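Just so we're clear, the structure is a prediction, and the values are computed from it rather than from any experiment. Quick note: numbers below take in every heavy atom, side chains included, and nothing from hydrogens, waters or symmetry partners. Sequence positions, counted from 1, serve as the residue numbers for this chain.
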Amino acid sequence: VKIGIWAMCANMVFNLILIWPLQHTGLALATAISSWMNALWLLHGLVNQNVYRRSKGWGIFIFRIVFANVVMISLIYWMQVPTESWFLMDVWARASTLTQLVVFGVVAYFTVLVLSGLNLKAMLGGALKH
């Protein structure tokens, strides 16, 4: 709870600092920064209390996730429509373009995970049991 309160306070401070130079983007950035701070503080607490201990396989798991994200981001960046064209489209063309970006991004992400050897059945099976 204490860490959550500290993260919330950090979020408010970052909101005040970033709102003027970055407008609404500053609010999103402040939330992202404070979320990372919260996660790292929680991890630090778990490590200090000897609750969390690193185990084998985490390095390759993180590499696979990061690599899949890089591929997905690269594909979406390559497929993106210039901003000027976006504003000239009607609502259905925008919806279609956005749907294509999302579908191709998701397919690329999970394809890279599977090709890199990540066992999606084990991950999803564990998540679906709860």
Do Tyr109 and Asn69 touch side chain to side chain, with heavy atoms closer than 4.5 Å? yes
Can you tell me how far NE2 of His44 sits from CD of Gln49, rounded to the nearest 0.5 angstrom? 10.0 Å
Please determine whether the number of non-hydrogen atoms from other residues, nucleotides or ligands lying under 6.0 Å from atom CZ of Phe63 exceeds 12. no
Heavy-atom pair of closest approach, residues Ser34 and Thr31: OG-O, 3.1 Å
4.5 Å side-chain heavy-atom contact, Leu118 and Phe110: no
I need the Gln23 CD to Leu18 CG distance, nearest 0.5 Å. 12.5 Å
Distance in Å, Arg53 CZ paired with Leu46 CG, rounded so as to fall on 0.5 Å steps: 11.0 Å
Which pair of non-hydrogen atoms, one from Phe14 and one from Met37, has the smallest distance, and what is that distance? CE1-SD, 3.4 Å
Inter-residue atom distance Met72.CE - Ser74.OG, 0.5 Å rounding: 9.5 Å
Decide whether Trp78 and Val102 are clustered together by the hydrophobic rule: side chain heavy atoms of Ile, Leu, Val, Met, Phe, Trp, Tyr closer than 4.5 Å, transitively. yes
side-chain hydrogen bond (donor to acceptor under 3.5 Å, both in side chains) partners of Trp58, counting only residues at least two apart: Ser55
Would you indicate whether the side-chain heavy atoms of Leu27 and Leu22 approach each other to under 4.5 Å? no
Once you round to the nearest 0.5 Å, how far does CG of Asn11 lie from CG of Asn38? 10.0 Å
Tell me whether Val106 is reachable from Leu75 by hopping between hydrophobic residues (I, L, V, M, F, W, Y) whose side-chain heavy atoms are closer than 4.5 Å. yes
Got more than 12 heavy atoms from elsewhere within 6.0 Å of CH2, Trp6? no
Write down the atom of Leu101, the atom of Met79, and the distance for their closest heavy-atom approach. CD2-CB, 3.6 Å
State, to 0.1 Å, how close Leu113 and Ala68 come at their nearest heavy-atom pair, and which atoms those are. CD2-CB, 3.7 Å
Does one hydrophobic cluster hold both Ile33 and Leu42, with members joined at side-chain heavy-atom distances below 4.5 Å? yes
Minimum heavy-atom separation for Asn15 to Ala30, with atom names? OD1-CB, 3.1 Å
Check whether any side-chain N or O of Ser96 sits under 3.5 Å from a backbone N or O of Trp92 as a donor-acceptor pair, and report yes or no. no
Flag yes if Trp20 and Leu29 sit in one hydrophobic cluster, no otherwise; membership is Ile, Leu, Val, Met, Phe, Trp, Tyr, and two members link when side-chain heavy atoms are under 4.5 Å apart. no
Please report the interatomic distance CG(Asn119) to CZ(Phe61), rounded to the nearest 0.5 Å. 11.5 Å
Applying the 4.5 Å side-chain criterion to the ILVMFWY set and letting contacts propagate, would Phe104 and Leu115 be lumped into a single cluster? no
Between Arg94 and Met89 the two heavy atoms that sit nearest each other are NE-O, 3.5 Å
